[in-house]
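Position 1 is the first residue of the sequence, and the numbers go up from there. Any value given below was found using the heavy atoms of this structure, including those in side chains, with hydrogens, waters and symmetry copies removed.
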Amino acid sequence: MKGPEGKCAWTVKIGEKGQFVIPKEAREMFDLRPGDSIIVLADSKRGIAIPPKSHFVKLMESIFEQGASKDGDE
């Protein structure tokens with residue numbers, strides 16, 4: 001389902017093993033290729049999110065920066 005520019009929504013079915021297929025359009029939009037790793041974020045109140053893989057690098061940098069500042073405080 002198309003929404004405003006750059007925004008889309010899809011429905012997917014969960015298989016018997018708890019797996020689902022990311023729709024082709026979404027894979028193309030985010031340049032997802034076989035073998036790529038993605039991060040899945042979950043919040044019991046807000047739901048599940050799969051951010052773009054570019055966010056993974058930013059998240060890891062943020063985590064490591066926070067760890068470095070904590071290590072420096074001791």
Side-chain angles (χ1 to χ4, degrees):
M1 172 171 55
K2 278 290 205 182
E5 181 70 29
K7 299 184 185 292
C8 298
W10 298 275
T11 59
V12 296
K13 290 185 179 182
I14 306 295
E16 291 180 23
K17 295 181 180 180
Q19 299 170 325
F20 67 91
V21 174
I22 298 172
K24 180 182 178 191
E25 297 88 354
R27 294 192 312 266
E28 289 174 347
M29 181 184 289
F30 294 104
D31 192 31
L32 296 173
R33 307 271 181 219
D36 283 352
S37 293
I38 61 172
I39 187 168
V40 178
L41 305 174
D43 181 295
S44 61
K45 292 184 174 41
R46 297 177 67 193
I48 296 173
I50 304 173
K53 55 186 173 177
S54 61
H55 285 58
F56 181 75
V57 173
K58 293 175 190 174
L59 177 63
M60 294 308 297
E61 288 172 348
S62 173
I63 290 169
F64 288 133
E65 286 173 9
Q66 289 177 5
S69 66
K70 287 180 184 178
D71 292 341
D73 292 342
E74 294 179 346

Under 3.5 Å, which donor-acceptor pairs link side chains of residues 32-41 to any protein atom two or more places apart or in another chain?
unit_1	atom_1	unit_2	atom_2	d
Arg33	NE	Asp31	OD1	3.1
Arg33	NH2	Asp31	OD1	2.8
Asp36	OD2	Arg33	N	2.7
Asp36	OD2	Lys53	NZ	2.8

Whether over 12 other heavy atoms sit under 6.0 Å from Ile48 CD1: no

Co-membership, hydrophobic cluster, residues Ile22 and Val12, 4.5 Å side-chain: yes

Pairs meeting criterion side chain to side chain donor-acceptor pair (under 3.5 Å) with involvement of residues 12-27, two or more places apart: none

Met29 versus Cys8, closest heavy-atom pair with distance: CE-SG, 3.7 Å

